[in-house]
A.B. asks: 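Got a structure for you, questions after.
Basis for what follows: all heavy atoms, side chains included, without hydrogens, waters or symmetry-related copies. Per chain, numbering begins at 1; letters A, B, ... match sequence-line order.
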2 protein chains.
Amino acid sequence: MTTSRAPGHRERKKQQTREALSWAALRLAVERGLGNVLVEDIAAEAGVSPRTFNNYFSSKAEAIVWRHLDRVRHIAELLRERPPGEPLWDSLTSVVVLPFGDEGARPDPEWTAGVRLILGQTELQGAFLKAGAEAERECAFAIAERTGTDVGRDLYPLLVAAAVGAAIRVASEQWLRADPSVPLPTLLRDAMGRLAAGLPAPNAE
Amino acid sequence: MTTSRAPGHRERKKQQTREALSWAALRLAVERGLGNVLVEDIAAEAGVSPRTFNNYFSSKAEAIVWRHLDRVRHIAELLRERPPGEPLWDSLTSVVVLPFGDEGARPDPEWTAGVRLILGQTELQGAFLKAGAEAERECAFAIAERTGTDVGRDLYPLLVAAAVGAAIRVASEQWLRADPSVPLPTLLRDAMGRLAAGLPAPNAE
DNA sequence: CCGCAATATTGCGGGATGCGCACTTTTATG
DNA sequence: CATAAAAGTGCGCATCCCGCAATATTGCGG
């Protein structure tokens, strides 16, 4: 649980194995389809026994989605590093955009394929959302610190975290769907801006 | 079993069976714990063969969560029935609160137990969230009609739907956690109000 | 540098699941 | 009433998830 006083070198290798497994799972699933990948294959790809796979992940889906979770998890940390004076929603927006590369940056085909796989395969969506929810809870704590609220009693921090999670999710979906490719950070900023503005109905026209 | 006398309502019986299965799954899982319930038991409880269970649901989790999905699904319909003049967020709030009973109403122990089970058991959360996401997509269409936007091109309707879904989720969790029981509709209104207000940081004090 | 204790990995095995396939029963239609 | 369509059923298999116990690896103190 507490990561602090470990000598690290052992934990390090574990994390390495975990990453290798997650990576292998994603790669195989992308290239030959989720249904045609056995746990056995993933383990082989990562150089461990099939049984070991389940020491790290309790399902294929969990393994594939883990990289995402790890990524979004950083958002909470990043949020804590923001200058305390900054308005909350400015912090949130910066922090949400950050892990997804700079505005004009590379799509990163590896990442794109992963997102496409996850959002496409029905069986992964559950795990994906669940991972997202976990990440949200961590963010909620950071938000609570920031706003002087209590995760246990006030609904505010969890609500904000969930809303932000929703924004990320929706922006990502739209990003994949967008025909003339629009940079994800742009979509994220748009979504966050609307949230902060109270999601007013767009003056249609 | 009741043979529906009216012709054509084969669909009716199917729905009936589906409901029986979902109901049985929920009931058994609540009373003896999810891990101690076999598909076989659920099927027996509903009076069909185990194989038939999988014709309706592809997992225990899906069966349990289905009732929830069915419930939330109505929100989209309800939204379409609102007077077109009403401000969007007023409509949304009404419609969100509606399926969960009136303000001062019954807790409905059956429902409470179900929610508690779903939010507690890790294995159900994925399915639960996935079902929620599906419901959100349906709501998005209703919102798009209402606001003259396009689900395929604009990110607005999906964003609003996802935010509303987040509000429902968070409010429900808080409702279970609340020590001096607070009515769920109250929490829902609170959450929706904050969303519509742009989730301003509460003036701490 | 060595042996010991903690921890990680592995193999085995069983219970349960999800689903394809073919067969039987029920229901709707002409 | 005959017959086709659709739902329910039984069987079997590939896979999965996990507990348990044995083994290998790692880190630490002497």
Side-chain angles (χ1 to χ4, degrees), chain A residues 1-22 24-25 28-29 32-66 121-127 130-131, chain B residues 1-22 24-25 28-29 32-66 121-127 130-131:
Chain A
M1 230 77 65
T2 54
T3 55
S4 47
R5 65 188 176 88
H9 300 79
R10 198 154 185 164
E11 290 299 321
R12 188 150 193 84
K13 194 179 177 189
K14 278 189 72 171
Q15 208 63 10
Q16 204 171 323
T17 305
R18 165 172 270 114
E19 197 129 357
L21 282 168
S22 176
L28 291 175
R32 58 168 110 144
L34 183 60
N36 304 325
V37 180
L38 278 54
V39 170
E40 186 183 344
D41 304 329
I42 301 170
E45 183 85 4
V48 297
S49 107
R51 182 62 183 83
T52 298
F53 173 87
N54 281 354
N55 287 351
Y56 286 88
F57 300 107
S58 61
S59 75
K60 272 185 291 184
E62 197 178 307
I64 293 175
V65 159
W66 178 82
Q121 297 287 335
T122 296
E123 308 154 82
L124 295 180
Q125 289 169 9
K130 190 176 147 196
Chain B
M1 61 185 92
T2 57
T3 25
S4 48
R5 43 183 303 290
H9 300 51
R10 211 138 131 175
E11 287 302 321
R12 183 147 193 87
K13 195 179 177 189
K14 276 190 75 170
Q15 208 64 9
Q16 204 171 322
T17 304
R18 165 172 269 114
E19 196 131 355
L21 282 168
S22 175
L28 290 176
R32 59 168 107 145
L34 182 59
N36 305 323
V37 179
L38 279 55
V39 170
E40 187 183 344
D41 303 329
I42 300 171
E45 183 83 5
V48 297
S49 105
R51 181 61 184 83
T52 298
F53 173 88
N54 281 3
N55 287 352
Y56 286 88
F57 301 107
S58 62
S59 77
K60 274 185 290 183
E62 195 178 308
I64 292 175
V65 158
W66 178 83
Q121 298 287 335
T122 296
E123 308 155 82
L124 295 179
Q125 289 169 9
K130 188 176 147 196

A.B. asks: As an exercise, state the distance from CZ of A:Phe57 to CG of A:Leu21, rounded to the nearest 0.5 Å.
C.D. replies: 6.0 Å
A.B. asks: Who passes side-chain hydrogen bond (donor to acceptor under 3.5 Å, both in side chains) against B:Asn55, sequence neighbours left out?
C.D. replies: B:Arg51
A.B. asks: Output the residues of residues 51-64 of chain B in contact with DNA chain D, where contact means a heavy atom of the residue under 4.0 Å from an atom of the strand; sort by number or write none.
C.D. replies: B:Arg51, B:Thr52, B:Asn55, B:Tyr56
A.B. asks: Near DNA chain C, counting only heavy atoms under 4.0 Å, which residues of residues 33-43 of chain A show up?
C.D. replies: none
A.B. asks: Write down the distance between CD (B:Glu123) and C1' (C:dA16), rounded to a whole number of angstrom.
C.D. replies: 12 Å
A.B. asks: Can you measure from CD (A:Glu123) to CD (A:Gln125) and round to the nearest 0.5 angstrom?
C.D. replies: 10.0 Å
A.B. asks: Apply side-chain contact (heavy atoms from CB on, under 4.5 Å) to A:Glu19 and list each qualifying residue two or more places apart in sequence or on a separate chain.
C.D. replies: A:Trp66, A:Arg67
A.B. asks: Send over the distance from A:Leu21 CG to C:dT10 P, rounded to a whole Å.
C.D. replies: 10 Å
A.B. asks: Does A:Lys13 place a side-chain N or O at less than 4.0 Å from the phosphate oxygens OP1/OP2 of C:dA8?
C.D. replies: no
A.B. asks: How would you list, by chain and number, every residue that makes a side-chain contact (heavy atoms from CB on, under 4.5 Å) with B:Thr122, sequence neighbours excluded?
C.D. replies: A:Lys130
A.B. asks: Could you list the donor-acceptor pairs under 3.5 angstrom formed by side chains in residues 32-46 of chain A, with sequence neighbours left out?
C.D. replies:
from    : atom 1 : to      : atom 2 : distance (Å)
A:Arg32 : NH1    : A:Asn36 : O      : 3.3
A:Arg32 : NH1    : A:Asp41 : OD2    : 3.2
A:Asn36 : ND2    : A:Arg32 : O      : 2.8
A:Asp41 : OD2    : A:Leu38 : N      : 2.9
A:Glu45 : OE2    : A:Arg27 : NH2    : 2.3

A.B. asks: Using every non-hydrogen atom in the two residues, find where B:Ile64 and B:Ala29 come nearest and quote the distance to one decimal.
C.D. replies: CD1-CB, 3.8 Å
A.B. asks: Taking CZ from B:Arg12 and P from C:dT27, how many angstroms apart are they, rounded to a whole number?
C.D. replies: 15 Å
A.B. asks: Over the length of the helix from C:dC1-D:dG30 to C:dG30-D:dC1, how much do the five-pair end axes diverge, rounded to 10 degrees?
C.D. replies: 20°
A.B. asks: Of all heavy-atom pairs between B:Ala63 and B:Ser22, which one has the smallest distance, and what is that distance?
C.D. replies: O-OG, 2.7 Å
A.B. asks: Got a sec, which residues hit side-chain contact (heavy atoms from CB on, under 4.5 Å) with B:Ser58, two or more places apart in sequence or on another chain?
C.D. replies: B:Glu62
